[in-house]
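Input: one structure, supplied below.
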Amino acid sequence: MTTDTASPATPPVDAAATVARLNAAFATGRTRPVAWRKAQLRALRRLLTEQEAAFATALHTDLGKSATEAYTGEIGLTINEIDHALRHLDRWLRPRRVPVPLALQPARARTVREPLGTVLIISPWNYPLQLALAPLVGAIAAGNCAVVKPSELAPATSALLAHWLPRVLDRQAVAVVEGAVPETTALLEQRFDHVFYTGNGTVGRIVMAAAARHLTPVTLELGGKSPVVVEPGTDLATAARRIAWGKYMNAGQSCTAPDYVLAIGGTATALERHLTAAIREMYGAEPAKSPDYGRIVTERHFDRLTALLSDGRLVTGGDHDRATRYLAPTVLADVDPDAPVMREEVFGPVLPILRVPDLDAAIAFITARDKPLALYAFTSSAATKRRLTAETSSGALSFGAPNAHLTVPGLPFGGVGESGLGRYHGVYSLDTFSHLKAVLDKPLAADPMRLAYPPFTPLKNRLLRRLL
Ligand code: NAD
């Protein structure tokens, strides 16, 4: 049973001593060789395959997650991230030549990625394995030491990470600190070289303020209300199935889950029918009995979500049971844009549908609000796709498939504005966890630079203006 005040399973950790230990390890250079990085990534991969069942059990304990979702959304996704990094790391780390202007020749210029040092990864409870380990893959691939702070609201997964990571990874370089606000606050008082935070924007601001004291760069992977635009003329049955799949996985507790639907023209009524059918197809007549349907993480979140159930006409769902933190896959229609369910990120299995007359109204609705982590659209019109691409701003834009973009390893994952700052996955993780050092190498033998030295003459001025 998880509670909002879950206490750490491991004894309190001295944050200052942990960071000092990792900084000392980084200073020895042990994390820099590519061989070390690959060995760590392979060890992490081995852990995930060998302990898959244990991690799946922990995810079920924390969130009622099915074994399939534990694999597709957490273990498998992390393994893919590792494999992608192993496959491309040598190329990503290769210095890049940059052309040198005529005035500076002969010379060579290049960029070199260097690790930052010791980084802090703070992760949330909704994908408690993947959101702790995918950033760690990037931190290790870039050659850093890392402290991982899993979420206290997923205590079984947190305990398992704290147990295993020091056993399979280089414990001089990677540490797990379990805990809640006091432990995270103690960590944030330390000077890190990067802080990577995933969670809500309120805590994101606390993290950024704490990091600012040390001038530490941050990545903030936040959330928000991700809209789904549905246009007439699209295959509504398939759209409804895809929306239901994206919305109700992990009981709606996904940062990229469709938050609400903007149904254009007459699509709303048919969509209600198709969504009801899709939910039944996926979770049966009684989703409470489905082994594939998750539970709400805590009673606080359960109470928050059930308070939203009267914010529109109930199309389907609404059943709930506080003892098991079960809330049925729910669709609300005719929702007022100012209703509470439209004021905050739903982050649960409640899907409001709003009717809008046309695409202009949908775009106006989206752009009048905070920039979302993802925007989804179901349309058969290339012109609509062009307009949504050009006229809206969001972390990601996906046509025809919610959530799926984050499984494309070559795509960056991150928000914009209120939905976050920075990005990761694949090479973008390398960018996040490295400093791109500019290196210039100019031989001393020839010295045409003399042209740039004082005293300046009219002739030098003329030549310099031509050469620069
Ligand atoms: P959470 O409650 O687990 O908090 C996240 C982390 O912040 C935890 O490790 C927690 O210990 C720490 N924390 C909490 N309060 C703190 C404080 N006062 N000071 C320092 N650290 C503190 O998770 P959450 O915030 O409820 O997560 C849900 C939110 O995260 C949603 O908004 C969701 O959209 C967003 N999210 C975003 C992504 C993404 O990748 N962009 C992924 C998952 C979730």
Side-chain angles (χ1 to χ4, degrees), residues 2-8 15 62-63 73-74 77 81 120-135 138 147-155 157-158 161-162 176-190 192 195-211 218-226 249-259 296-298 300-302 304-305 344-348 370-374 394-396 403 405-407 411-425 428-429 432:
T2 60
T3 69
D4 280 5
T5 52
S7 57
D62 287 334
L63 291 147
E74 306 246 22
L77 217 57
E81 191 66 22
L120 172 62
I121 296 166
I122 306 172
S123 56
W125 51 266
N126 62 333
Y127 287 83
L129 180 86
Q130 189 245 122
L131 293 173
L133 296 187
V147 175
V148 179
K149 211 301 286 174
S151 176
E152 70 281 16
L153 299 188
T157 311
S158 174
L161 289 172
V176 179
V177 173
E178 288 195 274
V181 177
E183 291 79 6
T184 319
T185 306
L187 282 171
L188 285 170
E189 278 162 11
Q190 312 308 311
F192 283 93
V195 177
F196 188 104
Y197 167 81
T198 307
N200 68 76
T202 306
V203 176
R205 284 168 168 80
I206 295 173
V207 168
M208 196 165 175
V218 293
T219 302
L220 302 178
E221 294 282 338
L222 311 177
K225 294 182 81 63
S226 297
M249 72 167 63
N250 204 26
Q253 302 164 115
S254 305
C255 55
T256 52
D259 188 272
I296 305 306
V297 67
T298 61
R300 183 172 65 83
H301 280 286
F302 177 87
R304 178 182 65 75
L305 287 162
E344 54 176 71
E345 178 183 359
V346 175
F347 215 54
D370 289 335
K371 293 177 181 178
L373 186 57
S394 53
N403 297 356
H405 57 282
L406 64 88
T407 65
L411 283 178
F413 182 63
V416 55
E418 277 289 318
S419 58
L421 193 166
R423 61 206 64 76
Y424 75 127
H425 284 188
Y428 301 100
S429 293
T432 289

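One-based numbering, in listed order, for ligands and for the atoms of each. Just so it is clear, the values below take in all heavy atoms, side chains as well, and ignore hydrogens, waters and symmetry mates.
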Note to self: Just to be sure I'm reading this right: ignoring hydrogens, which of Ala134, Gly199, Ala154, Ala257 gets closest to atom 30 (O) of ligand 1? Compare them by their nearest heavy atoms.
What the structure shows: Gly199
Checklist line | salt_bridge(Glu344, Arg304) N-O dist < 4.0 Å | finding: yes
Next item on the list: Would you please determine whether Ser123 falls within less than 4.0 Å of ligand 1 on a heavy-atom basis?
Entry: yes
Note to self: Could you identify the single nearest non-hydrogen protein atom to atom 21 (N) of ligand 1 and state the distance to 0.1 Å?
What the structure shows: Thr184 CG2, 3.2 Å
Margin query: Give me the atom names and distance for the closest heavy-atom approach of Gln253 to Ile296.
Written below: OE1-CA, 3.5 Å
Note to self: Taking distance alone, with N or O pairs closer than 3.5 Å, would you say Thr185 contacts ligand 1?
What the structure shows: no
Check: Under 4.0 Å from any heavy atom of Leu131, which atoms of ligand 1 are there?
Finding: 42 (C), 43 (C)
Note to self: Please give me the minimum heavy-atom distance between Asn200 and Thr202, naming the atom from each residue.
What the structure shows: OD1-N, 3.0 Å
Notebook entry, point to check: If we only count heavy atoms from C-beta on, is the Phe196 to Thr432 side-chain gap below 4.5 Å?
Noted result: yes
Next item on the list: Look at atom 41 (N) of ligand 1 and say which protein heavy atom is nearest, naming residue and atom and giving the distance to 0.1 Å.
Entry: Leu222 O, 2.7 Å
Next item on the list: Measure from atom 36 (N) of ligand 1 to every heavy atom in Gly420, Gly395, Gly224, Cys255 and give the option owning the shortest one.
Entry: Cys255
Item checked: Short N or O distance, Lys149 and ligand 1, threshold 3.5 Å exclusive -> yes
Next item on the list: Given side-chain contact (heavy atoms from CB on, under 4.5 Å), test Asn126 with Leu153 step by step and report yes or no.
Entry: CA-CA 9 Å; Asn126 62 333; Leu153 299 188; over 6 Å; no
Checklist line | Part of Asn126 with heavy atoms under 4.0 Å of ligand 1, whether side chain, backbone, both or neither | finding: side chain
Notebook entry, point to check: Looking only at heavy atoms, which two atoms of Val147 and Phe192 are closest? And how far apart?
Noted result: CG2-CE2, 3.8 Å
Next item on the list: Using a 4.0 Å heavy-atom threshold (strictly under), name the region of Ser254 that reaches ligand 1: side chain, backbone, both or neither.
Entry: neither
Checklist line | Shortest heavy-atom approach to atom 7 (O) of ligand 1 - which of Phe347, Tyr197, Tyr127, Trp125 | finding: Tyr197
Check: Counting distance only, does the side-chain N/O of Ser419 pair as donor-acceptor with the main-chain N or O of Lys371 below 3.5 Å?
Finding: yes
Next item on the list: Kindly identify the option in Leu220, Leu406, Val203, Thr198 whose heavy atom sits closest to atom 5 (C) of ligand 1.
Entry: Thr198
Checklist line | Asp259 to Val346 - nearest heavy-atom pair and separation | finding: OD2-N, 2.8 Å
Notebook entry, point to check: What do we get for Asn200 next to ligand 1 when only non-hydrogen atoms under 4.0 Å count, side chain, backbone, both or neither?
Noted result: both
Next item on the list: Show your reasoning for whether side-chain hydrogen bond (donor to acceptor under 3.5 Å, both in side chains) applies to Ser254 and Tyr127.
Entry: CA-CA 8 Å; Ser254 305; Tyr127 287 83; 2.6 Å; yes
Check: What is the closest protein heavy atom to atom 34 (O) of ligand 1, and at what distance does it sit?
Finding: Glu345 OE2, 2.6 Å
Margin query: Using a plain distance cutoff, I'd like to know if Ser419 has any nitrogen or oxygen under 3.5 Å from a nitrogen or oxygen of ligand 1.
Written below: no
Margin query: Restricting to non-hydrogen atoms, name the atom on His425 and the atom on Phe413 that form the minimum distance, rounded to 0.1 Å.
Written below: ND1-CB, 3.5 Å
Checklist line | Partner residues of Glu189 under the side chain to side chain donor-acceptor pair (under 3.5 Å) criterion, sequence neighbours left out | finding: none
Next item on the list: Could I get the full list of side chain to side chain donor-acceptor pair (under 3.5 Å) partners for Thr157, not counting sequence neighbours?
Entry: Asp62
Next item on the list: Give the contacting part of Leu373 toward ligand 1: side chain, backbone, both or neither, where contact means a heavy-atom distance below 4.0 Å.
Entry: side chain
Note to self: Could you identify the single nearest non-hydrogen protein atom to atom 12 (C) of ligand 1 and state the distance to 0.1 Å?
What the structure shows: Ile122 CG2, 4.0 Å
Notebook entry, point to check: Taking C-beta and beyond as the side chain, do Met208 and Tyr197 meet within less than 4.5 Å on heavy atoms?
Noted result: no
Notebook entry, point to check: Which of the numbered atoms in ligand 1 are below 4.0 angstrom from a heavy atom of Ser151?
Noted result: 3 (O), 9 (O)
Next item on the list: Please identify which atoms of ligand 1 are closer than 4.0 Å to at least one heavy atom of Leu153.
Entry: 2 (O)
Next item on the list: Could you say whether the N/O atoms of Ala180 and ligand 1 ever approach to under 3.5 Å?
Entry: no
Next item on the list: Name the closest protein heavy atom to atom 40 (O) of ligand 1, giving the residue it belongs to and the distance to 0.1 Å.
Entry: Phe413 CE2, 3.1 Å
Next item on the list: May I ask you to identify the nearest protein heavy atom to atom 10 (C) of ligand 1, giving residue, atom name and distance to one decimal place in Å?
Entry: Glu152 OE1, 3.4 Å
